[in-house]
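Read through the structure below, which is laid out as structure tokens, and then see the notes.
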Amino acid sequence: MAQVVAHSAEIAALDSAVITVSFESAYWAGVWLRETGSSFPFLVDPERAAYRAYGLQASALRSWSPRTLWYYLRAAWDGREQLGKRGDPHQLGGDFVIDRQGIVRLAQPSADPLDRPSVEQILAALRDCPP
Amino acid sequence: MKIQQNYPAPDVALTTLTGESAALSTFWRERRATLVIFLRHLA
């Protein structure tokens, strides 16, 4: 998310937008927005209808893989701020680029919590969309 | 349901933080492209 925020001007220059979706309540979404400073439009999906429609699974096994545990250990060691445990930690996310006609141009459901496309992949997908 | 590239995106109605219903298509129709980021838990 931080890298997407850092490239928000470039994304806007491509006549593209970013929206964030969460299954958490509007209350926790507001808290998260204040804590992260994200200015992207935010939608809530407490029933996880969109998560299911986009094939995004919940998996304890994949959420707590050795790679993920190592990431959190390093974050704690580095003193990076943790926002605390909230909600269902097993629900995985994903990233999708959709063009004006509603066609998926990039589909990356996360295989684990750290599995996200690079900002370069995202920008490339945005550039590939017809004007 | 596996979402594949070059296929239609599911259009789902979600809720804004002000409680209004908003279909995903209302975002992608307005621009060349929309990046939809589905978050994990908010921590």
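Quick note on labels: first sequence line is chain A, next is B, and so on, each numbered from 1.
- Only the side chain of B/F27 comes within contact range of chain A, judged by heavy atoms closer than 4.5 Å.
- Summarising the geometry, atom CD1 belonging to B/I3 is positioned 6.0 Å from atom CZ belonging to A/F96; distances are rounded to the nearest 0.5 Å.
- Considering only heavy atoms from C-beta on, A/I19 stays 4.5 Å or farther from B/W28 through its side chain.
- For B/S21, there are no side chain to side chain donor-acceptor pair (under 3.5 Å) partners, not counting sequence neighbours.
- Highest contact tally toward chain A, considering only B/N6, B/V36, B/V12, B/D11, is held by B/V36 [criterion: heavy-atom pairs under 4.5 Å].
- Using a 4.5 Å cut-off between heavy atoms, A/P41 touches chain B through its side chain atoms alone.
- There is no contact between B/E20 and chain A, counting heavy-atom distances below 4.5 Å.
- Contact of the A/F42 side chain with the A/S22 side chain is registered, since non-hydrogen atoms from C-beta on lie closer than 4.5 Å.
- Distance OG1/B/T15 to CG/A/D45: 8.0 Å, rounded to 0.5 Å.
- Listed by chain and number, the hydrophobic cluster partners of A/W70 are A/L73, where partners are ILVMFWY side chains within reach of under 4.5 Å, directly or through others.
- With a 4.5 Å cut-off on non-hydrogen atoms, A/L14 touches chain B through its backbone and its side chain both.
- Side-chain polar atoms of B/T16 and B/T18 form a donor-acceptor pair below 3.5 angstrom.
- Proximity to chain B is absent for every atom of A/Y27, based on heavy atoms less than 4.5 angstrom apart.
- A/L56 touches chain B through its side chain: at least one heavy atom from C-beta onward sits under 4.5 Å away, while N, CA, C and O do not.
- Counting heavy atoms from C-beta on, the side chains of A/D112 and A/R67 come closer than 4.5 Å.
- No part of B/S25 comes within reach of chain A, as not one of its non-hydrogen atoms sits under 4.5 angstrom from that chain.
- Within residues 114-124 of chain A, the residues approaching chain B closer than 4.5 Å by heavy atoms are, in numerical order, A/R116, A/I122.
- With sequence neighbours excluded, the residues that form a side chain to side chain contact (heavy atoms under 4.5 Å, CB included) with A/P130 are A/D99, A/Q101, A/R105.
- More than 12 heavy-atom neighbours from other residues, nucleotides or ligands sit within 6.0 angstrom of CD on B/Q5.
- Ranked by heavy-atom pairs under 4.5 Å with chain A, the first of B/T34, B/L24, B/L14 is B/T34.
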